Student: 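Here it is, the structure in full.
Bear in mind that the values here come from a model prediction, so they are computed numbers and not experimental data.
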Amino acid sequence: PYPIEDDSANVVTAIELIEHLNAAAIQEFLSEAYRILRPGGYLFLTTPNYGSLWPLLEWVVGKISPLSYDEQHITKFTRTSLMDLIETSKFQQDTIVSFMLSVPFAAAINWRIADITEALEPNFLARRLGFLLFCKARKPTVEDSS
């Protein structure tokens with residue numbers, strides 16, 4: 001367990017973390033997040049969207065650099081598998097959406113170009129086809145059970 005008291009945090013964030021964990025470690029993380037969150041507290045997490053063209057991005061990165069995502073990304077999530085994970089946890093699912101469609105490619109060129117790309121990218125496309133997934137889940141309160 002983390003050295004944090006039970007029911008003491010309002011928010012737990014996990015940005016680009018869970019894809020680096022195996023199934024048992026993900027369950028342990030979710031249990032710890034649930035333990036330390038106050039009732040009504042939120043879990044925010046992001047992870048690559050393997051239901052998008054993310055695997056293509058990984059392949060391109062692997063071809064142009066020594067980086068290999070094969071060794072880093074152990075668990076590969078789609079919107080459906082992330083929904084299933086949250087539904088089988090004690091958390092209440094609030095939001096699971098994709099975001100960032102072409103921005104990761106633009107960032108490889110230049111951060112300023114990535115910022116411009118994000119401003120121009122149609123939000124409705126990124127919400128359906130984005131390379132990353134965002135999840136917002138909530139620890140239920142006593143009132144939620146009644």
Side-chain angles (χ1 to χ4, degrees), residues 1-4 7-141 144:
Y2 299 113
I4 301 171
D7 301 327
S8 63
N10 291 320
V11 174
V12 170
T13 59
I15 308 303
E16 304 303 304
L17 169 72
I18 63 172
E19 66 274 11
H20 299 277
L21 306 175
N22 64 28
I26 291 169
Q27 289 302 323
E28 183 178 336
F29 165 75
L30 289 175
S31 294
E32 278 297 284
Y34 191 88
R35 179 187 69 76
I36 67 174
L37 278 171
R38 291 184 174 123
Y42 284 96
L43 168 68
F44 298 110
L45 60 87
T46 65
T47 188
N49 180 7
Y50 282 86
S52 70
L53 293 176
W54 180 267
L56 175 62
L57 178 63
E58 285 187 359
W59 181 82
V60 168
V61 168
K63 292 295 182 191
I64 64 173
S65 77
L67 181 65
S68 171
Y69 283 105
D70 292 335
E71 298 167 7
Q72 293 185 29
H73 291 177
I74 298 166
T75 306
K76 299 177 178 183
F77 288 96
T78 63
R79 186 185 313 230
T80 301
S81 64
L82 185 55
M83 253 186 245
D84 292 345
L85 175 70
I86 298 302
E87 285 179 4
T88 59
S89 73
K90 297 176 184 177
F91 287 98
Q92 292 178 334
Q93 179 182 307
D94 184 297
T95 304
I96 296 180
V97 296
S98 62
F99 66 104
M100 285 197 183
L101 182 59
S102 55
V103 176
F105 289 108
I109 299 165
N110 180 292
W111 283 112
R112 183 178 294 260
I113 293 172
D115 290 341
I116 293 167
T117 302
E118 183 177 24
L120 296 174
E121 192 170 81
N123 203 21
F124 73 92
L125 281 178
R127 292 277 186 222
R128 287 168 181 75
L129 306 171
F131 284 101
L132 301 174
L133 293 168
F134 168 77
C135 174
K136 176 182 171 188
R138 188 171 151 279
K139 181 175 179 176
T141 63
D144 292 330

Student: Please find the pair of heavy atoms, one from Gly130 and one from Ser52, that lie closest to each other, and give the distance.
Tutor: O-CB, 3.3 Å
Student: Can you list everything that forms a side-chain hydrogen bond (donor to acceptor under 3.5 Å, both in side chains) with Asp115? Sequence neighbours excluded, please.
Tutor: none
Student: CG/Leu37 to OH/Tyr42 distance, rounded to the nearest 0.5 angstrom?
Tutor: 11.0 Å
Student: Would you check if there is a donor-acceptor pair between the side chains of Thr141 and Asp144 at a distance under 3.5 Å?
Tutor: yes
Student: Strictly distance-based, threshold 3.5 Å: is any side-chain N or O of Arg35 a donor or acceptor partner for the main-chain N or O of Ile4?
Tutor: yes
Student: Can you name the closest pair of heavy atoms from Ile86 and Ala137 and give their distance?
Tutor: CG2-CB, 4.0 Å
Student: Is Lys76 reaching over with its side chain to a backbone N or O of Tyr50, donor-acceptor style, under 3.5 angstrom?
Tutor: no
Student: Say whether, by atom type as modelled, one donor and one acceptor occur between the side chain of Thr75 and the main chain of Leu21 under 3.5 angstrom.
Tutor: yes
Student: Is there a side-chain contact between Phe131 and Val103 in this structure, where contact means two heavy atoms from C-beta onward sitting under 4.5 Å apart?
Tutor: no
Student: Has Thr88 got a side-chain atom pairing as donor or acceptor with Leu85's backbone, closer than 3.5 angstrom?
Tutor: yes
Student: Is a side-chain N or O of Ser81 found less than 3.5 angstrom from the main chain of Phe77, in a donor-acceptor match?
Tutor: no
Student: When you measure from the side chain of Asp94 to the backbone N and O of Arg138, does any donor-acceptor pair fall under 3.5 Å?
Tutor: no
Student: Heavy atoms only: give me the nearest Thr117-Ala106 pair and the separation to one decimal.
Tutor: OG1-CB, 3.4 Å
Student: Using 0.5 Å steps for rounding, measure from the CD1 atom of Ile64 to the CH2 atom of Trp59.
Tutor: 10.0 Å
Student: How many angstroms lie between atom CD of Glu87 and atom CD1 of Ile96, to the nearest 0.5 angstrom?
Tutor: 7.5 Å
Student: Please check this pair: side chain of Lys139 against backbone of Arg38, looking for a donor-acceptor N/O pair closer than 3.5 Å.
Tutor: no
Student: Among Val97, Leu45, Thr78, Thr47, which residue meets the side chain to side chain contact (heavy atoms under 4.5 Å, CB included) test with Leu133?
Tutor: Thr47
Student: Side-chain contact, heavy-atom cut-off 4.5 Å: Leu43 with Cys135?
Tutor: no
Student: Which heavy atom of Trp54 sits nearest to which heavy atom of Asn49, and what is that distance?
Tutor: CB-O, 3.2 Å
Student: Roughly how far apart are Glu58 CD and Gln72 CD, rounded to 0.5 Å?
Tutor: 9.0 Å
Student: I need the minimum non-hydrogen distance between His20 and Ile74, along with the two atoms involved.
Tutor: O-CD1, 3.1 Å
Student: Mind listing the closest non-hydrogen atom pair of Leu67 and Val61 along with its distance?
Tutor: CD2-CG1, 3.8 Å
Student: Is the count of non-hydrogen atoms from other residues, nucleotides or ligands lying under 6.0 Å from Glu71 atom CD greater than 12?
Tutor: no
